[in-house]
Engineer: 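Sharing a structure with you now.
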Protein chains: 2
Amino acid sequence: MPLHLRILNDVEKRILSGEWPPGHRIPFEHELTVQYGCSRMTVNKALTDLVKKGLIERRRKAGTHVSFPHVQFAVMEIHDLRREVQALGLPYRYEIVSLKPRRARREDNARLDLAAGASVLEIVCDHFAGDRPFCHEERLINLAAVPEAAKETFEEGPPGTWLLGKVPWSSAEHRIRAEAAKAKIASALSIPTGSACLVVERTTHYSGLQITHVIFTYPGDRHELVAQFAHG
Amino acid sequence: MPLHLRILNDVEKRILSGEWPPGHRIPFEHELTVQYGCSRMTVNKALTDLVKKGLIERRRKAGTHVSFPHVQFAVMEIHDLRREVQALGLPYRYEIVSLKPRRARREDNARLDLAAGASVLEIVCDHFAGDRPFCHEERLINLAAVPEAAKETFEEGPPGTWLLGKVPWSSAEHRIRAEAAKAKIASALSIPTGSACLVVERTTHYSGLQITHVIFTYPGDRHELVAQFAHG
DNA sequence: TAGTGGTCTAGACCACACA
DNA sequence: GTGTGGTCTAGACCACTAT
């Protein structure tokens, strides 16, 4: 293990164990260089990384102190569907149910904020883990933002994967809720109508433009989102 | 602005704009030292930080490449229930339904990893927004970790709030899923049995010890979790 | 003013992966 | 072998800020 990681872990351990409580001043860089018999750069790297982790705060002259807990955020990993399924040890497969370029309608405004008559691509897609339906996807792509999607058949990968590779990286908002399965979705997922489903709704932006809106519906008893607390 | 941040931002901008798409090889460290007229350490710091951000991947000999995004890190703020309700402009109220110190049973192991016979405090609690049930809470507190909870009546605030004030540095894991309301929960939330509910399960640790496990059940149609996307 | 962290240099050696 | 990144050094100068 690199020395800077050893220093980082040692300090982190003392903070998390409560040995160095919030507000505690931790040793100066020059003290740690003596303790570890290394150069200041190495100590500095470790402490700088701990600042990024939010565990410590540093001020010139005043020294380095253990942070007081601020607002905590849960960090949730949202995986690519293929990876999610393969992580379960099951073969991944998807089916494009429908693929329609069309004009934006009024009711689309709840999903994408588009001018009336703008071109969108509407995609419905089912994802499978083995033979079992895993997730139902309903997507709108803003063709003004991603014109090359119009020619795409999504035979080489599902729309989400294709978009991630094609479109510049973006910001997004997720809304997560529970919903009773409507007949159409129940049939797609082979579950009874009215079953509890986990719905993840995502709007993706890039440089002020809305790229895509997608609704993922998972059978509620077969899918969990996991989030870790992070110290902010 | 420090040079290493300028380098980081320059590279990040090219990746986010799509100029350097996923898979693209970015200049070698020694090329960037020439471009920026600086030492390798400075370039290395910038690129190492980009690895931590998940934007690039580096392999010896092969060089540095823009990552293919496989994971999205969505950052979710976990709200205090009182704040959540008051944000809706409704008066907040809670009721302790039951409060039982008891010995850990075998079936508790799915919630807290305790020795058989360990002392736990079992709390059931309902949260209201106005007159409407907002959330049903079922909690176990590990009394070995938080002995002072044994005497607490939770009259001054719900258990979650009390714990936040007592146990400063906690890490936690959240599991989010959809579930059909069982009879008991349906009655607590005044919804039909079998309704889709959003379930947030949280295990909280402190210095390696499990502090508490809690299951929050929300009526699915009345509650949404919102998470902001971050790159991965 | 003095002490701390922030940044940077111009080297160096090593581990690893690809040829 | 050869070229890349991973790590580290022993300095240096500067910026900030507590005293």
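Every chain is numbered from 1, with letters handed out A, B, ... down the list of sequences.
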Engineer: Please report, rounded to the nearest Å, how far the P atom of D:dT9 is from the OH atom of A:Tyr36.
Structural biologist: 13 Å
Engineer: Tell me, please, which residues at least two apart from B:Tyr94 pass side chain to side chain donor-acceptor pair (under 3.5 Å).
Structural biologist: none
Engineer: Pick one: which of B:Val34, B:Thr33, B:Leu32 meets side-chain contact (heavy atoms from CB on, under 4.5 Å) with B:Tyr36?
Structural biologist: B:Leu32
Engineer: Rounded to whole Å, how long is the line connecting atom CD of B:Glu57 with atom P of C:dC16?
Structural biologist: 19 Å
Engineer: Answer yes or no: does atom CD of A:Glu156 have more than 12 heavy-atom neighbours from other residues, nucleotides or ligands under 6.0 Å?
Structural biologist: no
Engineer: Of the nucleotides C:dG6, D:dG6, C:dT9, which has the atom closest to the A:Asn44 side chain?
Structural biologist: C:dG6
Engineer: Is there a side-chain contact between B:Thr64 and the phosphate of D:dT4, meaning an N or O under 4.0 Å from OP1 or OP2?
Structural biologist: no
Engineer: Mapping B:Ala62 and B:Leu5 to their closest nucleotides on DNA chain C, which lands nearer the 5' end?
Structural biologist: B:Leu5
Engineer: Does C:dA19 pair with anything, Watson-Crick or G-U wobble, both distances under 3.5 Å, and if so, with which nucleotide?
Structural biologist: none
Engineer: Closer than 4.0 Å, any side-chain N/O of B:Thr42 to the OP1 or OP2 of C:dT7?
Structural biologist: no
Engineer: Where the side chain of B:Ser39 is concerned, which of D:dC8, C:dT4, C:dC8 is the nearest nucleotide?
Structural biologist: C:dC8
Engineer: Take the protein atom NE2 of A:His30 and the nucleotide atom C1' of D:dG11, then report the distance between them rounded to whole Å.
Structural biologist: 17 Å
Engineer: Within the side chain of B:Glu29, is there an N or O that forms a donor-acceptor pair under 3.5 Å with the backbone of B:Asn44?
Structural biologist: no
Engineer: Could you check A:Met41 against B:Arg59 and say which one's nearest nucleotide on DNA chain D is further toward the 5' end?
Structural biologist: B:Arg59
Engineer: When you get a sec, tell me which of D:dC8, D:dA18, D:dC16 is the closest nucleotide to the side chain of A:Arg60?
Structural biologist: D:dC16
Engineer: Which part of the nucleic acid, if any, lies within reach of A:Leu3 when heavy atoms closer than 4.0 Å are counted: base, sugar-phosphate only, or nothing?
Structural biologist: sugar-phosphate
Engineer: Tell me the interatomic distance from A:Lys45, atom NZ, to D:dT9, atom P, rounded to whole angstroms.
Structural biologist: 12 Å
Engineer: Given C:dT7, C:dA2, C:dT9, identify the nucleotide with an atom nearest to the side chain of A:Lys61.
Structural biologist: C:dA2
Engineer: A:Arg58 side chain N/O closer than 4.0 Å to the phosphate oxygens (OP1, OP2) of C:dG5?
Structural biologist: yes
Engineer: Using whole Å, report how far NZ of A:Lys52 lies from P of C:dG6.
Structural biologist: 11 Å
Engineer: Look at the side chain of A:Glu29 and decide which nucleotide, out of D:dT4, D:dT7, C:dG5, has an atom nearest to it.
Structural biologist: C:dG5
Engineer: Measure across A:Leu5 and A:Met1 and return the closest heavy-atom pair with its distance rounded to 0.1 Å.
Structural biologist: CB-CG, 3.8 Å
